[in-house]
K.L.:
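Take a look at the following structure, please.
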Amino acid sequence: MTDGVRVRFAPSPTGHLHVGGARTALFNWLFARHHGGAFILRIEDTDRSRSTDENIGLIVDALRWLGLDWDEGPPAPGYRQTERLDLYREHAARLVAAGRAYYCDCPPARLEAERKAAEARKETFRYSGRCRGRGLTAGALRLGLPAAGTTVVHDLINGPVEFDHRQLDDWILVRTDGTPTYNFCVVVDDVTMRISHVIRGNDHLSNTPKQVLCYEALGYPVPAFAHVSMILGPDRGRLSKRHGATSVQAYREQGVLPEAMVNYLARLGWSHGDQEIFTRPELIERFDIKDVSASGAVFDQTKLEWLSHEYIKASDGARLAPLVRPFLAEAGLTGPDDARLAALLETLRERARTLREMVEVGRFYFERPAAYEDKARATLFTPAGAERLGILLERLESLEPFTAPAIEALYRDLTAALGLKLVDLAQLTRLAVTGRTASPPLFDVLALLGRPEVLARLRAARAAAGSVS
RNA sequence: GGCCCCAUCGUCUAGAGGCCCAGGACACGGCCCUCUCAAGGCUGAAACACGGGUUCGAAUCCCGUUGGGGCCA
């Protein structure tokens with residue numbers, strides 16, 4: 001039955017969209033699209049102190065940037081837990097009525113003391129269940145679990161995982177103050193949204209048996225589960241801020257292309273033979289939750305940047321131009337019109353891993369060099385260098401047409417006439433025009449810059465070379 | 001501490017008992033190309049955590065150990 005697939009991504013809006021969350025969202029989305037099912041976005045904002053509307057906006061933006069569209073969810077009403085409190089209350093009441101849940105008035109201080117005592121005896125603390133059957137009508141609501149037996153979670157990634165009921169507490173569904181707990185909300189939400197497959201982080205696997213028991217107590221069918229491994233930092237610990245950028249937004253700001261991010265995240269813990277690069281349709285077609293790895297994966301920014309580079313190389317200047325604009329502005333630069341910008345970017349795409357790098361590498365296109373690389377300046381801007389710049393200035397002034405092939409011919413002729421190597425004049429010119437020793441092919445750069453600009457830069461360089469000596 | 005998950009090159013992974021003295025990719029080294037830097041081509045180094053089983057045969061199955069992660073607190 002592949003037609004009833006309904007999956008969800010349920011972030012807590014307590015911050016940016018984390019790459020781990022993004023990957024979970026992606027796997028859900030791919031699963032839904034592969035099976036022609038529905039992808040639902042739900043906001044788990046019961047932690048009001050840390051959940052903000054601003055964060056919801058951030059997460060929504062990040063998902064949109066990644067191209068993960070949802071079939072149900074915000075801005076439509078009813079997809080935020082704070083809007084669903086009645087549902088939780090209603091289901092809690094049903095469990096009480098069915099005798100599957102009971103109230104407990106054990107003071108937290110006493111439970112805490114028992115916990116400490118158990119710890120001192122090196123034992124595992126488990127709530128005793130002493131309030132069960134007392135017929136209380138107030139307090140914390142607990143789900144009565146079977147005292148013996150096991151619950152098996154049939155996980156699509158990890159296989160069957162068995163949990164012994166003796167290890168499980170009668171867990172709290174609703175706190176004494178009336179607020180439902182996270183795990184209970186999740187069950188009620190998944191049930192009422194008719195979720196068929198729960199694809200989420202590995203960190204929820206341990207809570208799953210309790211949830212399964214809750215589904216059963218409620219008389220609902222249990223969905224299929226797939227627990228995706230966590231994303232790790234270089235030290236194999238949970239990926240956190242101290243490892244560097246962890247939010248999707250941060251990579252977006254670095255100028256990583258969204259399709260690269262998606263491709264990278266997809267390949268992190270999932271694979272399809274030896275294939276590394278996937279188009280979105282390929283991803284949808286080939287994705288199978290069963291092929292997702294059960295082990296944790298280290299986030300490798302270098303590989304992400306390699307993919308970003310691959311996608312940048314594959315994009316033409318016209319596509320890149322609008323994407324680069326914000327990065328130009330950020331660098332305090334103003335670019336030319338789209339057509340011209342596109343032409344410039346053509347020479348940059350093989351040399352930049354990110355959009356931001358593109359601006360750095362091509363900076364000279366947008367402003368005259370503010371300085372020359374020191375070392376090169378010392379060896380190239382010599383009296384002889386100044387003289388050669390003078391000759392170049394003179395020749396270039398009358399060159400017709402001012403195109404890359406013509407410029408190259410001029411350089412080759414002149415090089416031979418002066419008994420030099422092409423590299424000698426090329427590097428001298430490169431430094432003069434770009435301020436650096438590395439750039440896109442020189443003759444293309446000169447042609448793109450145009451004669452007036454080239455001459456102006458050569459003159460400035462000649463002056464600088466003259467002042468050195 | 002108890003329970004749960006995980007374990008192939010530095011990293012992401014292929015591998016579902018013989019095709020593997022382990023393949024691909026990133027990163028790294030070398031060579032080629034070349035006006036520089038890239039890109040590209042070729043090439044090199046680099047792994048089955050350990051110990052027991054099962055089997056004619058194990059990276060692949062089982063058990064244990066170690067290590068890492070998670071949940072409960």
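Source: prediction; values computed, not measured. The sequence lines fix the lettering, A, B, ..., with proteins before strands; numbering per chain opens at 1.
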K.L.:
Are the side chains of A/Glu285 and A/His272 in contact, using a 4.5 Å heavy-atom criterion?
P.N.:
no

K.L.:
Could you measure between the two C1' atoms, the one in B/A39 and the one in B/U60, and give it in whole Å?
P.N.:
40 Å

K.L.:
Please give the nucleotide sitting opposite B/C33 as a Watson-Crick or G-U wobble pair, both distances under 3.5 Å, or none.
P.N.:
none

K.L.:
Taking pairing as Watson-Crick or G-U wobble with both contacts under 3.5 Å, can you name the mate of B/A39, or confirm there isn't one?
P.N.:
none

K.L.:
What is the base-pairing partner of B/A46, counting Watson-Crick and G-U wobble geometry with both distances under 3.5 Å?
P.N.:
none

K.L.:
I'd like the C1' distance from B/C9 over to B/A27, given in whole Å.
P.N.:
12 Å

K.L.:
Assign A/Arg436 to base, sugar-phosphate, or nothing according to its heavy-atom contacts below 4.0 angstrom with the strands shown.
P.N.:
nothing

K.L.:
Select base, sugar-phosphate, or nothing to describe what A/Ser271 touches, counting heavy atoms under 4.0 Å on all strands.
P.N.:
sugar-phosphate

K.L.:
In terms of relative ring orientation, are A/Tyr264 and A/Phe299 parallel, tilted or perpendicular, with 30° and 60° separating the classes?
P.N.:
perpendicular

K.L.:
Hydrogens and angles aside, do A/Thr46 and A/Tyr88 bring a side-chain donor and acceptor to less than 3.5 Å of each other?
P.N.:
no

K.L.:
Using a heavy-atom cut-off of under 4.0 Å over every strand shown, decide if A/Phe163 touches base, sugar-phosphate, or nothing.
P.N.:
sugar-phosphate

K.L.:
I'd like the P distance from B/A59 over to B/A49, given in whole Å.
P.N.:
10 Å

K.L.:
Considering every strand and a 4.0 Å limit on heavy-atom distances, what is the contact class for A/Lys421: base, sugar-phosphate, or nothing?
P.N.:
nothing

K.L.:
With nearest nucleotides of RNA chain B determined for A/Pro440 and A/Asp274 from heavy-atom distances, which residue corresponds to the more 5′ nucleotide?
P.N.:
A/Asp274

K.L.:
If you measure from the P atom in B/C42 to the same atom in B/A25, how many Å do you get, rounded?
P.N.:
10 Å

K.L.:
A/Lys303 has a side chain; which of B/C26, B/C35, B/A14 sits nearest to it?
P.N.:
B/C26

K.L.:
Please give the nucleotide sitting opposite B/G67 as a Watson-Crick or G-U wobble pair, both distances under 3.5 Å, or none.
P.N.:
B/C6

K.L.:
Would you classify A/Glu276 as touching base, sugar-phosphate or nothing, given that sugar-phosphate means primed atoms plus P, OP1 and OP2, and contacts are heavy atoms under 4.0 Å?
P.N.:
base

K.L.:
If I pick the C1' atom on B/G24 and the same atom on B/G15, what distance separates them, to the nearest angstrom?
P.N.:
12 Å

K.L.:
On the 0 to 90° scale, with breaks at 30° and 60°, tag the A/Tyr372-A/Phe381 ring pair as parallel, tilted or perpendicular.
P.N.:
perpendicular

K.L.:
Which is true for A/Ser439 with a 4.0 Å heavy-atom rule: it touches a base, it touches only sugar-phosphate, or it touches nothing?
P.N.:
base

K.L.:
Taking for each residue the nucleotide of RNA chain B bearing the nearest heavy atom, is the 5' side occupied by A/Asn183 or by A/Leu205?
P.N.:
A/Leu205

K.L.:
Quote, to the nearest angstrom, the C1' distance that separates B/G23 from B/C6.
P.N.:
23 Å

K.L.:
Do A/Asp190 and A/Tyr215 come within less than 4.5 Å of each other through their side chains, counting heavy atoms only?
P.N.:
yes

